[in-house]
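Index from 1, following the sequence.
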Amino acid sequence: MVLSRRWSVLLVLVGVWTWVIWPRFLVAIWQDDRAWDAAGHPTAFFTVHAVLIAVSLILGTAVGVLGVRGWRASRRS
């Protein structure tokens with residue numbers, strides 16, 4: 001299957017958007033008082049959000065890579 005250029009661009013933009021938004025969210029979570037207990041250890045609040053961010057970045061990267069591959073494939077055909 002070959003993606004159209006429009007879909008490829010959309011996928012790349014979603015990948016870029018993911019990398020713009022989620023690291024900023026990680027900084028906000030890191031600085032939140034609920035992220036750390038009194039001993040300085042991460043709480044469940046932090047762990048859940050860190051997993052959410054990691055999964056989102058992995059999926060965003062995969063979507064972006066598919067967009068780039070789709071763009072390259074559309075140029076060849």
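Residue Trp36 is grouped with residue Ile29 when hydrophobic side chains (ILVMFWY) are merged at heavy-atom distances under 4.5 angstrom, including chains of intermediate members. Follow the hydrophobic side-chain contacts under 4.5 Å out from Leu26 and you never reach Val48; the two are in separate clusters. Hydrophobic clustering (ILVMFWY, side-chain heavy atoms < 4.5 Å, transitive): Val63 and Val68 are in distinct clusters. Using a 4.5 Å cut-off between side-chain heavy atoms of Ile, Leu, Val, Met, Phe, Trp and Tyr, with links allowed through other members, Leu66 and Trp71 fall into different hydrophobic clusters. Linking Ile, Leu, Val, Met, Phe, Trp and Tyr residues whenever their side-chain heavy atoms come within less than 4.5 Å leaves Ile53 and Ile58 in two separate clusters.
What you find for Gly67 and Ser8 is that their closest heavy atoms are O-CB, 3.4 Å. Between Thr18 and Pro23, the shortest heavy-atom distance links the atoms O-CD, 3.8 Å.
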Item to check | Stepwise side-chain contact (heavy atoms from CB on, under 4.5 Å) test for Arg34 and Phe46 | outcome: CA-CA 7 Å; Arg34 297 171 291 179; Phe46 179 82; over 6 Å; no

Item to check | Pair Arg6-Leu10, side-chain contact (heavy atoms from CB on, under 4.5 Å): steps then yes or no | outcome: CA-CA 6 Å; Arg6 283 186 180 175; Leu10 177 66; over 6 Å; no

Item to check | Full working for side-chain contact (heavy atoms from CB on, under 4.5 Å) between Val55 and Val51 | outcome: CA-CA 6 Å; Val55 169; Val51 170; 4.3 Å; yes

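Looking only at distances, no side-chain donor or acceptor of His41 sits under 3.5 Å from a matching main-chain atom of Asp37.
Looking only at side-chain heavy atoms (C-beta outward), Thr47 and Thr43 stay at 4.5 Å or farther from each other.
Put simply, CH2 on Trp19 and OG1 on Thr61 are 5.0 Å apart, with the number rounded to the nearest 0.5 Å. Within the model, atoms OG of Ser74 and CH2 of Trp7 stand 14.5 Å from one another, a figure rounded to the nearest 0.5 Å. Atom CG of residue Leu3 and atom CZ of residue Arg72 lie 14.0 Å apart, to the nearest 0.5 angstrom. Taking CZ of Arg69 as the start and CG of Leu11 as the end, the distance is 12.5 Å to the nearest 0.5 Å. Leu57 CG to Ile21 CD1: the interatomic distance, rounded to the nearest 0.5 Å, is 11.0 Å.
The neighbour count for Trp22 CH2, taken as heavy atoms of other residues, nucleotides or ligands under 6.0 Å away, is above 12.
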